[in-house]
There are 2 protein chains.
Amino acid sequence: MTRLDDILAYADAQLDQSLGRLFELIRIPSVSTEPEYAGDCQRAAEWLAVQLAEIGMDASVRPTQGHPMVVGHGPAVPGPHVLFYGHYDVQPVDPLNLWNTPPFEPSLAPQPDGETYILGRGASDDKGQLLTFIEACRAWKAVTGSLPIRVSMLFEGEEEAGSPSLGPFLEANAEDLKADTILVCDTDMWDRETPAITTMWRGFVSEEFEVTTADRDLHSGMFGSAARNAVQLIGTIIGKLRNDDGSVAIPGFYDGVTELPEANRKEWERLPFDPEKFLGDVGLSIPAGEAGRSVLEQVWARPTAEVHGVWGGYAGDGFKTVIPAKAGAKISFRLVAGQDPERIRKIFRDFVTALIPADCSVTFKSYAAAGAQTMPLDGKLLNKARTALTEEWQRETALAGTGGSIPILGEFKQRLGMDSLLIGFARFDNRIHSPNEKYDLSSFHRGIRSWVRILHAFSE
Amino acid sequence: MTRLDDILAYADAQLDQSLGRLFELIRIPSVSTEPEYAGDCQRAAEWLAVQLAEIGMDASVRPTQGHPMVVGHGPAVPGPHVLFYGHYDVQPVDPLNLWNTPPFEPSLAPQPDGETYILGRGASDDKGQLLTFIEACRAWKAVTGSLPIRVSMLFEGEEEAGSPSLGPFLEANAEDLKADTILVCDTDMWDRETPAITTMWRGFVSEEFEVTTADRDLHSGMFGSAARNAVQLIGTIIGKLRNDDGSVAIPGFYDGVTELPEANRKEWERLPFDPEKFLGDVGLSIPAGEAGRSVLEQVWARPTAEVHGVWGGYAGDGFKTVIPAKAGAKISFRLVAGQDPERIRKIFRDFVTALIPADCSVTFKSYAAAGAQTMPLDGKLLNKARTALTEEWQRETALAGTGGSIPILGEFKQRLGMDSLLIGFARFDNRIHSPNEKYDLSSFHRGIRSWVRILHAFSE
């Protein structure tokens, strides 16, 4: 038996103990956005520091303006140095009445198909996922007495609250935290059996705007036609945002946008992805994005404008013949490499302002922004991880994109110059952020085994 | 002294008694839309029937499915036969805390400029206005022993509730109610000193519609660009409703629309109307209607589309990156002579339906409709009334339009074939339908005098 097989066998044998530790962590209700749980966030941080100490790391709980960070460093050994990032905070549990089991009392629920669900808030996001890495390190330490490469870890307690302390903490601790790459376990598998590394994600920039026409609501019998209607105006602006071909109509929006690299295109072409099923599962059949682009390109590799909400005038029961004086909307842009979020914010505001009649006005409110990132597909660590995952799951690893945005990784890139490897074992039906969150026992078990293999591969 | 002067002098001398009767009527809280006031509506109807009996009319309270009608007939005499229409019901008083005096306890409030406000719900709309006519008849009866022409009256108690019983009642009592013209006292003066006859009003048709894209709200990170966004779709539809030149973009919308008759145009040209002040008073300066049309034409003589409310997606605090699956809007069209409301409803629905992608859907909900009406300016009674008003107010009477709609008069036209003469003494600042409704004492007093003169003119 090779050393790797020993460690995998140890991880298998210790699964119940690993699961016991996950249950301990889930029982700590570390909801970051609700002040009454601040003590629990502190407890979760201290609990993690104990785990890191148990695997031989120099671990500490570090205060911030908000909830604390946990930092751990393993001994320096030759080879690559990785920084594993995770978050110990969880989403609120409302509405509580929709939970079938108490959210902070974890339990196992065997399923008809042989899978077993680990139920509880944070079971997947991110307590279950981050523990796959710690438990893999624990197995290495137990069997070999050490970790095969230099490993550092950073856990924050404010990810579900927008990570306000992360940037300043990285800035203040840049030297302490710098490593060759960041590992993150907070993403999904490609499908139930196919492992995935997420190699590109979109950026975004979000805005709210409100137009004002008259200085009060008017009666359409008295003023109808002659007085500017704020809802008509906001409709006109929204209507002009996208062209008939699905593209965004703001002048300059596509400046700097690069075509999908050929390497990514090749990877995506072989992915088992059915665009008809993707849309069909939500009741749609006609892609609404840029004509001539595949659905995967539309959602992963192309920028877009999406209106998230609109309001104005009378929306209650019955009818009121008012000419509304105010109307507003919330909008965000998903961005790709080559687009500067703050430049997009500016040209959006210019675009809207140009559509406002001289006797009307508009106000804007900034919301968050983050850049897009694309990881090179020829990285040495990425390809070692890919091979290790393929060996564990016996399926070719997907090098996938995501249409979502991961602002914290922009912080790492911007402040520490570090790229990221996103490897996660969650499944699409885990109901993260919703009642009855679960993590599959097979995700947890084979996630631990996957990291055992990845650490091995990195040390070769 | 002529007979007319005697009657005017009597009306002047009896003003306090007339005011006392108005106070009696205001004290009856005849709110038609709130079931707990049903008994008060009945009481108001009975009170009116007593007034009509006092001036020698054959008066009766007539039950309907809702609140009762009051019908009165004066003796048949040679000359024209008029049917005076009014409504004894009033709007609800919410929000009560904004009233400076109790809404159903009428009072007088002298103003610095010498005017006196009659305060109370219904003081203007329509109790004060309808009593100007009854009190004028009372003066005629008191001084001469009879009315100078044949007068009938009809009062309803559901005008503020959409007049559901009026059409059936007219239908069932067509023979009893038929007269040469309808007189209505429910409109404004042109300005504080200038009397007005309203000779044209717009029709309308109102619709609510809701679009559905996906079968649930989606996350813009996962689906952004490829999945149809319901708020984007409703914005696109609203944006396409009006052309850049302010006209309505629905194909066929202007079919049958006639140009303003030359007689009306001439009347309007001499009206003291300042379009800059009209818009400036509500904080606007640029007419939003059809380019090349005057503001008066835009609001009185041209049809329009107005969106009264829009909804969809997340409109609360903060930000949610949702792709909304549903969005809706309420819209109405103001129409002019030559436009059939139901045809406009149909072409609007066709217009919207053509913009719905094949994998999305739209539902429509019908709200009320009414045709536009234009009274000929060369009618004998209209010109007699005009002269009488000019004599009373010593200002040229305005023959005005209104951009609003008066559905009940469509009922009279459609069911009884009768045209209407709209003569009212309300002022623009009467706060009808709002807290602190008032009627000017001069409106009440000179309104009574005006009707005394009009009855005289009709009898000549």
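Order of the sequence lines sets the chain letters (A, B, ...), proteins ahead of strands, with each chain counted from 1.
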Asks: Shortest non-hydrogen contact from B:T321 to A:S332?
Replies: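 Where B:T321 meets A:S332 most closely, the heavy atoms are CG2-OG, 4.5 Å.
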Asks: Give the minimum heavy-atom separation between A:A226 and B:V299, together with the two atoms involved.
Replies: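 Nearest heavy atoms, A:A226 then B:V299: CB-CG1, 3.5 Å.
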Asks: Does A:R242 reach the side chain of B:Q232, with side-chain heavy atoms less than 4.5 Å apart?
Replies: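 They are in contact (side-chain heavy atoms under 4.5 Å apart), so the answer is yes.
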Asks: Taking every heavy-atom pair that is under 4.5 Å apart, which of B:G312, B:G246, B:P287 has the most such pairs with chain A?
Replies: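 With the most close heavy-atom pairs to chain A, the winner is B:G312.
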Asks: Within a radius of less than 6.0 Å around CZ of B:F428, do more than 12 heavy atoms belonging to other residues, nucleotides or ligands occur?
Replies: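 Check fails, neighbour count at 12 or below.
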Asks: Is it the side chain or the backbone of A:K240 that comes within 4.5 Å of chain B heavy atoms, both, or neither?
Replies: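 Just the side chain, heavy atoms under 4.5 Å.
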Asks: Could you grab the distance from atom OG1 of A:T236 to atom CG of B:L241, nearest 0.5 Å is fine?
Replies: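 Spacing of OG1 (A:T236) from CG (B:L241) equals 8.5 Å.
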Asks: Pick from A:G283, A:A214, A:G404: which one has the most heavy-atom pairs with chain B under 4.5 Å?
Replies: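 Looking at each of A:G283, A:A214, A:G404 in turn, A:A214 comes out on top.
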Asks: Which heavy atom in A:C360 sits nearest to a heavy atom in B:L284, and how many Å separate them?
Replies: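 Answer, listing the atom of A:C360 first, then B:L284: SG-CD2, 4.3 Å.
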Asks: Determine the option with the most heavy-atom pairs under 4.5 angstrom with chain B, choosing from A:I238, A:I331, A:L218.
Replies: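 Maximum pair count with chain B is reached by A:I238.
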Asks: So which of A:V248, A:V322, A:I323 has the largest heavy-atom pair count under 4.5 angstrom toward chain B?
Replies: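 The option with the most such pairs is A:V322.
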Asks: At their closest point, which heavy atom of A:V231 faces which heavy atom of B:V307, and how far apart are they?
Replies: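 The answer is CG1-CG1, 3.5 Å.
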Asks: What's the separation between atom CD in A:E297 and atom OG in B:S225, rounded to the nearest 0.5 Å?
Replies: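 Output value for this atom pair is 10.0 Å.
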Asks: Could you have a look at B:A358, B:A329, B:G309 and say which one has the most heavy-atom pairs with chain A under 4.5 angstrom?
Replies: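 Max contact count across the listed options: B:G309.
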Asks: Has B:N229 got a side-chain atom pairing as donor or acceptor with A:H308's backbone, closer than 3.5 angstrom?
Replies: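 Pair absent, no side-chain N/O of B:N229 close to backbone of A:H308.
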Asks: Classify the side-chain pair A:R334/B:S220 by whether it contains a donor and acceptor separated by less than 3.5 Å.
Replies: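 Yes, because at least one side-chain N or O of A:R334 sits under 3.5 Å from a partner of the opposite role on B:S220.
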Asks: If you take all heavy atoms of A:D317 and B:K330, which pair is closest and at what distance?
Replies: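 A:D317 and B:K330 have their closest heavy atoms at C-NZ, 4.2 Å.
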Asks: By a 4.5 Å heavy-atom criterion (distance strictly below it), what part of A:D217 contacts chain B: side chain, backbone, both, or neither?
Replies: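 A:D217 has no heavy atom closer than 4.5 Å to chain B.
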Asks: Heavy-atom count around B:D244 CG within 6.0 Å, excluding the residue itself: above 12?
Replies: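 Open: at most 12 neighbouring heavy atoms sit under 6.0 Å from CG of B:D244.
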Asks: If you count heavy-atom pairs under 4.5 Å with chain B, which of A:W300, A:F319, A:Y367 comes out on top?
Replies: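 Most heavy-atom pairs under 4.5 Å with chain B: A:F319.
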Asks: In terms of heavy-atom pairs under 4.5 Å with chain B, which of A:T212, A:I237, A:V295, A:T213 leads?
Replies: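 The residue among A:T212, A:I237, A:V295, A:T213 with the greatest pair count is A:T213.
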Asks: Below 4.5 Å, heavy-atom pairs only: which of B:G239, B:A288, B:G313, B:P303 has the largest tally toward chain A?
Replies: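 Of the candidates given, the most pairs with chain A belong to B:A288.
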Asks: Rounded at 0.5 Å granularity, tell me how far NE2 in A:H219 sits from CD in B:E306.
Replies: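 Separation between the atoms: 11.5 Å.
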Asks: Measure the CG-CE distance between B:D188 and A:M222 for me, rounded to the nearest 0.5 Å.
Replies: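 Answer rounded to 0.5 Å: 7.5 Å.
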Asks: Please indicate whether B:D245 has more than 12 foreign heavy atoms, meaning atoms of other residues, nucleotides or ligands, lying under 6.0 Å from its CG.
Replies: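 Yes, the 6.0 Å shell around CG holds more than 12 heavy atoms from other groups.
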Asks: Classify the angle between the aromatic ring planes of B:F223 and A:F278 as parallel (below 30°), tilted (30 to 60°) or perpendicular (above 60°).
Replies: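 Ring orientation of B:F223 relative to A:F278: parallel.
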Asks: Is it the case that more than 12 heavy atoms not belonging to A:E34 sit under 6.0 Å from its CD atom?
Replies: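 Above 12, so yes.
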Asks: Where on A:S405 is there a heavy atom nearer than 4.5 Å to chain B: the side chain, the backbone, both, or neither?
Replies: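 Interface part for A:S405: neither.
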Asks: Select, from B:R293, B:R302, B:E290, B:R216, the one with the greatest count of heavy-atom pairs under 4.5 Å involving chain A.
Replies: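 Of the options given, most contacts go to B:R216.
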Asks: Is B:I286 close to chain A through its backbone or its side chain, or both, or neither, when contacts mean heavy atoms under 4.5 Å?
Replies: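 Answer is both: backbone and side chain atoms of B:I286 are under 4.5 Å from chain A.
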Asks: Under a 4.5 Å heavy-atom cutoff, which of A:T304, A:I234, A:T402, A:L233 has the most pairs with chain B?
Replies: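 Ranked by contacts with chain B, first place is A:T304.
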Asks: Can you tell me which portion of B:R202 sits under 4.5 Å from chain A's heavy atoms? Options are side chain, backbone, both or neither.
Replies: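 The answer is the side chain of B:R202.
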